[in-house]
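These notes concern the structure reproduced below.
In what follows, every chain begins at residue 1, and chains take the letters A, B, ... in the order their sequences are listed.
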Amino acid sequence: MATRTEIRLFDSAARAVRPFVPVHAGEARMYNCGPTVYDRQHIGNLYAYIVADVVRRTFEYFGYRVTQVMNITDVGHIVDDADAGEDKMALGARRTGKDPLRIATEVTQQFMADRHKLNILDPHVMPKATEHVPLMIELIQKLIDKGHAYLAADGVYFDVTTFPGYGTRLNAEPPEERMAGARVEVNENKRHPNDFALWRAAKPGDLQQWDSPWGKGNPGWHIECSAMSMKYLGDTFDIHSGGEDHLFPHHECEIAQSEAATGKPFVNYWLHVRFLRVDNEKMAKSKGGFFTLDDISEWGYDPLAFRLLALGTGYRKSLDFTRAAMDQAQRRLERWRRVVAEAYAATGGRVTEPEPDYGVRKGFNDALADDFNTPKALAAAEMALNLAGSDDAAIRERALWLLFDMDRVLGLSLRDAATKEDVLSSEERRLFDERERARRAKDFTRSDELRDELLERHGIRVMDTKDGARWERVAKGA
RNA sequence: GGCGACGUAGCCAAGUGGUAAGGCAGAGGUCUGCAAAACCUUCAUCGCGGGUUCGAUUCCCGCCGUCGCCUCCA
């Protein structure tokens, strides 16, 4: 058995690329910070999960047994600072007039549907916060028992002074400094301004509350991730991912409470995805550029074009989402599909595995293993794409094998593109046939009109070949 | 104010101390009734100014610009 390819990844804690050494040989256990399911996920959220998906697929591609856990946060958390404000689930509930759990269920279903359209694999475990409250309470109690947490008038807080280096594992700037220039409302109940809530005492009107040794209330924002990740992956596990926004405070809090509780290292590799921006600004409802996957579809793009766009930029560089960039990704995807379909037809579906050190294959693998360099991997795949158009059958068969193999990571449904029986609707067929008749009759004016109509209104691109007209489905008006 | 990231061709985007992958668009050509597709050819000295070096886009310093974090957020 050949030695497993060494994967190197950027670890936010080390602030450097490090070779991956698993806790359990041959395994990769990863936790992705999941969504708070109070509102529709936008493409920025989805982008982060595409990245997590590529990470998971890369480990599987290189032969690791992966356990991927993603939480579903169906407990509301404070909207603004500290203890003031309304929680998000309550906000959603009030806005829609539905109860929190119903919203959570609906939003989760929508989220999963979006993920499936983007070929994001389902995590092996998707724990819900509401189903793990007792576990969180247990963890909080442990922290109290160990002297890391204390009971205050409005809840239980983690005492950051008991955890040396709090807030500096993933961040260069110590919490004290960052607080200096920022406005922070002082909560008189806390012993230290940086102490964070583990448990919040129920307030009148709270829709979600649980009994606890400290009275009715609900869990703090950070504790669920510690409780659930350690339950499903062990006290120390390999990879924890999330958006760059979680560098502080969320992940710092997770580290503090987890390690304080277990006395063991919590996570070996921290992976943070840079935000997707829209027209060069962070996506936020308040700024207007707030898009969902449905918007992308309505504009005529294939959801997988968005996946391809995401793959086209390194995850540690912010991806600027623009219509122009989507156009480019869409065209790129269409070309991939066309080439693969033609190669498949030309080889009669035969594929041949090339040697492991076959240049293109190696280039692709090296790129992926190098901190998931998907833009470079795409370039390697595009070389395979060129080979797939070769006149040499042996080369084509190997290229096709490679493309299908690469697609285990890329997730662009290339096999479907090659094999899927797409048929024209009766209307499309009628136009297509009519154009053929007009063309044979040398009525080029009419035939060109119909060709334009098929493209503009139906997204059918017609191409004439020696063997007659062929068609393919593309974005409308492309 | 503090901390951090980024600035590569029209656009998206890799990358390296020794004169810069790939994609999209564009230009020319072959093909075509015309197109499309395909194929061939073509298209950048890497924000600005210093410094280190035989040599910097790649290292250091300064500047300018953009973005993010410091508050819920992928």
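- Rounding to whole angstrom units, CD of residue Q330(A) and P of C12(B) are separated by 18 Å.
- Closest to the D245(A) side chain, of the nucleotides A74(B), C24(B), G33(B), is A74(B).
- The side chain of E244(A) sits closest to G68(B) out of G68(B), A74(B), G22(B).
- Closest approach to the R439(A) side chain among C34(B), A74(B), C3(B) is made by C34(B) (side chain taken as heavy atoms from C-beta onward).
- Side-chain contact check for D122(A) and H116(A): at least one donor-acceptor pair (N or O, by modelled atom type) lies under 3.5 Å.
- Residue E382(A) has its side chain nearest to G23(B) when only C67(B), G23(B), A14(B) are considered.
- For residues 112-120 of chain A, proximity to RNA chain B is found at no residue, defined as any non-hydrogen atom under 4.0 angstrom from a strand atom.
- Nearest nucleotide to the Y47(A) side chain, out of G23(B), A74(B), G4(B): A74(B).
- Where K466(A) and D320(A) meet RNA chain B, the nucleotide closest to each residue was compared, and D320(A) sits on the side nearer the 5' end.
- Base engagement by V462(A) is indicated by at least one non-hydrogen atom pair under 4.0 Å involving a base atom.
- If you take CG of D448(A) and C1' of A35(B), they are 7 Å apart, rounded to a whole angstrom.
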Could you list, one pair per line, each protein nitrogen or oxygen that sits under 3.5 Å from a nitrogen or oxygen of nucleotides 37-41 of chain B, together with the distance?
unit_1 : atom_1 : unit_2  : atom_2 : d
A37(B) : O3'    : R338(A) : NE     : 3.1
A37(B) : O3'    : R338(A) : NH2    : 3.2
A38(B) : OP1    : R338(A) : NH2    : 3.3

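- Taking W336(A) as the reference, nothing meets the ring-ring contact (aromatic ring centres under 6.0 Å, His included) condition, with sequence neighbours excluded.
- Counted by atom type alone, T73(A) and E224(A) present one or more donor-acceptor pairs between their side chains at under 3.5 Å.
- For the residue pair H192(A) and T161(A), no side-chain donor N or O sits within less than 3.5 Å of a side-chain acceptor on the partner.
- The side chain of A325(A) lies closest to C12(B) when the candidates are C12(B), G68(B), A13(B).
- Residue S447(A) is in base contact, counting any heavy-atom pair closer than 4.0 Å across all strands shown.
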